[in-house]
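So you know, we letter chains A, B, ... as the sequences are listed, proteins then strands, and number each from 1.
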There are 4 protein chains.
Amino acid sequence: MPRTPEQFEKIREKMRKQIMNAALELFANEGYYTTSISKIAKAAGISKGLMYNYFDSKEELVMSLLKEGLNKLAELFDPNKDGVLTRDEFAFFVEKSFDAVIENPTYWRLYFSIMMQVGIYDMVKEMYASILKDTMQLLVDYYQKRGVKDPLGEALLFGAVMDGITMNYLLNPEMFPLEEFKQKVIDKFGYKN
Amino acid sequence: MPRTPEQFEKIREKMRKQIMNAALELFANEGYYTTSISKIAKAAGISKGLMYNYFDSKEELVMSLLKEGLNKLAELFDPNKDGVLTRDEFAFFVEKSFDAVIENPTYWRLYFSIMMQVGIYDMVKEMYASILKDTMQLLVDYYQKRGVKDPLGEALLFGAVMDGITMNYLLNPEMFPLEEFKQKVIDKFGYKN
Amino acid sequence: MPRTPEQFEKIREKMRKQIMNAALELFANEGYYTTSISKIAKAAGISKGLMYNYFDSKEELVMSLLKEGLNKLAELFDPNKDGVLTRDEFAFFVEKSFDAVIENPTYWRLYFSIMMQVGIYDMVKEMYASILKDTMQLLVDYYQKRGVKDPLGEALLFGAVMDGITMNYLLNPEMFPLEEFKQKVIDKFGYKN
Amino acid sequence: MPRTPEQFEKIREKMRKQIMNAALELFANEGYYTTSISKIAKAAGISKGLMYNYFDSKEELVMSLLKEGLNKLAELFDPNKDGVLTRDEFAFFVEKSFDAVIENPTYWRLYFSIMMQVGIYDMVKEMYASILKDTMQLLVDYYQKRGVKDPLGEALLFGAVMDGITMNYLLNPEMFPLEEFKQKVIDKFGYKN
DNA sequence: CATGAATGAGTCTTCATTCAT
DNA sequence: TATGAATGAAGACTCATTCAT
């Protein structure tokens, strides 16, 4: 008997995931340009042609990956959505952020490598910017409330620090004690009171 | 009358520079993989074939660029070579490092994008690591002398912060006030005393 | 409806033949190095890229051609596989060998030209050597049984003669009466009794 | 003081030899197509440009090599120029021919590899044919005088045998006892009487 | 005469994408 | 839906040859 539309949708969704998983793994480990569609298809256990049934192009595929990661990231911020960041939420955010990197280094490696590729990926930057804008405001308020002199500067610095730590960890996981850095960052950028 | 060896050497040196300048610009702005040898040759105003009279391969070209930048970088560290870092030298180093980025963002964009490329460029990582090792030791000593609890951790954190700031500046120069960050970093990681 | 694996196999087999035929013709008539992949593709009526769907490289292509011919050649020797060569089988072998050359001069021209190419093709030589070893032994026994003084030398000489005749025929088919040479060779190297 | 025209001529001749020697070695050992002009120039200890002062093209260079070898070969035939071949002269010719191969295998390897290359070969073919024509006639007369049934066929066969032996020796010098074959060939194709 | 920088056409090869089945 | 054969544009690289000095 024929499948219901819902079943079809489920199958499609599952296949999409399958392809994206394979692609993420390969892109992150072997690079975007050195990973061919053929390889991805093989890793995903499907034919090259079918790939294009799910993604219009290689570029769309990588964009989907980035978008997906981005959405996960967005959920980390201000979980209770009340527009105010408490000291505990700040600490929680730092911890969660690093945990995310530890749990899924592959994705973040992809993110950074793409971010540094100039040209095509300005689009991604916009996506990230729009997500980060709200969080930025939250942080600025946070620092202002604590009497920090240059709240915007401090917020930017904090973001840069998170990026720098993440990047260094990804480049050299076994040499870089990410776990220990959680507290260091919270102490240095959380402003107790 | 044939050219003298010196004349040939001069031609070679000049052309090498010409090619490397064109390549650096393109690699940094459009990425390593999306920049073709054709494009570089055209930008350098020469024929494709001539490129290979100066560099054995595209990879050797990019490596030469990185090596060159590396050597410039190396000169920044511990200028008086006495094996000890003073507070002033620390400040000087921070300022100089950021100045280097401001003056030559192209190179640093290349550096970061290559660093995040997987696979081929482990060699570059080793080169950088060997250069940075000494500086790392200098920093550890610096923090130890100032009674910082976890000197190695602090040194690593400092490095990560420098990287993060640089990266954010490169991605968004007009939004990221690198100049103002000099003092911030010195205050936060210089440990007065 | 997708094609069945069998259909795909059929397509592949047919196309492989098509490419190999075109390549054999060109390699043999214009030489390995002077025949470009482009030319082969055009002669086979396909795109350049498709070539690489069937053969990993130009070298693999020529190797496949040689292997194929080799296998055909192998079937000529000692057809009844009893390990002994009779006088009739000897005569039969000479005749068949020359017939093979007459019927498929293209292949043999390729074979000789590759054999004289230095460097890469030592591998081919090994393949041929391993095939010819058994036949050589057969011949040595043959001559020994007939009381020839230096059986190994005679066998080697016979081989050289076959090569020389073949080569001369290939270089100048209309001037070289290969057909008449069958009897001559049989008389001179067959040792009646 | 300026050199005399004769001195210039001498220098030119010497340089030509130098280049030809280097080229012969490389062509024979690494193949015509895989040997670049650059390599030859370096091996000859001169610049690429100067090469073209002595040879108009790579092709002219290889042709010169072949011509030179051809002339040496021609001297082997009918040394006393009386238009008649004696039994001793026949034997002498066989011995001398093989000695030439033993003494200068490099040249002969080149000769054979070029001979099997189509295209270029046709040009050389005529040169060889014209040289060999006289010798051929000599041989035909030789066999006719000795009552051989098919003198022309026998002469052709003899030529093919010489080629075959030479080729086998060149391909596998240590396995192929060329020295011993002298007598064998003389016995088999010299027709005592 | 002598050099090697410079050219440009040509080579092999790769790969995202399309399409007949 | 699913396959992989087929395409074609592009890429890295080579090399005989020319030419300014």
If a protein heavy atom is under 4.0 Å from the base, mark B; if only from the sugar-phosphate, S; if neither, -; do that for nucleotides 15-20 of chain E going 5' to 3'.
BSBB-B

Without decimals, in angstroms, what is the distance between [X] [atom1] and [N] [atom2]?
{"X": "A/E30", "N": "E/dT14", "atom1": "CD", "atom2": "C1'", "answer": "16 Å"}
{"X": "B/E9", "N": "E/dA5", "atom1": "CD", "atom2": "C1'", "answer": "13 Å"}
{"X": "C/K42", "N": "F/dT7", "atom1": "NZ", "atom2": "C1'", "answer": "15 Å"}
{"X": "B/E6", "N": "E/dG4", "atom1": "CD", "atom2": "C1'", "answer": "14 Å"}
{"X": "C/R16", "N": "F/dA6", "atom1": "CZ", "atom2": "P", "answer": "13 Å"}
{"X": "B/K17", "N": "E/dA5", "atom1": "NZ", "atom2": "P", "answer": "16 Å"}
{"X": "C/Q7", "N": "F/dA2", "atom1": "CD", "atom2": "P", "answer": "18 Å"}
{"X": "B/M15", "N": "E/dT7", "atom1": "CE", "atom2": "P", "answer": "7 Å"}

Check whether [X] reaches the backbone of [Y] with its side chain - one donor and one acceptor, N or O, closer than 3.5 Å.
{"X": "B/K39", "Y": "B/T34", "value": "yes"}
{"X": "D/E60", "Y": "D/D56", "value": "yes"}
{"X": "B/R109", "Y": "B/N29", "value": "no"}

Could you tell me whether the phosphate oxygens of E/dA5, OP1 or OP2, come under 4.0 Å of any side-chain nitrogen or oxygen in B/N53?
yes

For B/E25 and B/N21, does a side-chain donor sit closer than 3.5 Å to a side-chain acceptor?
no

At under 4.0 Å between heavy atoms, what does B/M51 touch on the DNA or RNA strands: base, sugar-phosphate, or nothing?
nothing

Does D/R12 reach a base, just sugar-phosphate, or nothing at all? Heavy atoms under 4.0 Å.
sugar-phosphate

Mate of F/dT18 where both pairing distances stay under 3.5 Å, Watson-Crick or G-U
E/dA5

Would you indicate whether the side-chain heavy atoms of B/M15 and B/N53 approach each other to under 4.5 Å?
no

In terms of the angle between their ring planes, are C/Y111 and C/W108 parallel, tilted or perpendicular, with boundaries placed at 30° and 60°?
perpendicular

Residue whose nearest DNA chain E nucleotide is more 5′ - B/S47 or D/G45:
D/G45

Quick check for you: among F/dA2, F/dG4, E/dG4, whose closest atom lies nearest to any side-chain atom of A/Y54?
F/dA2

Does D/K58 make a cation-pi contact with D/Y32 (under 6.0 Å, within 45 degrees of the axis)?
yes

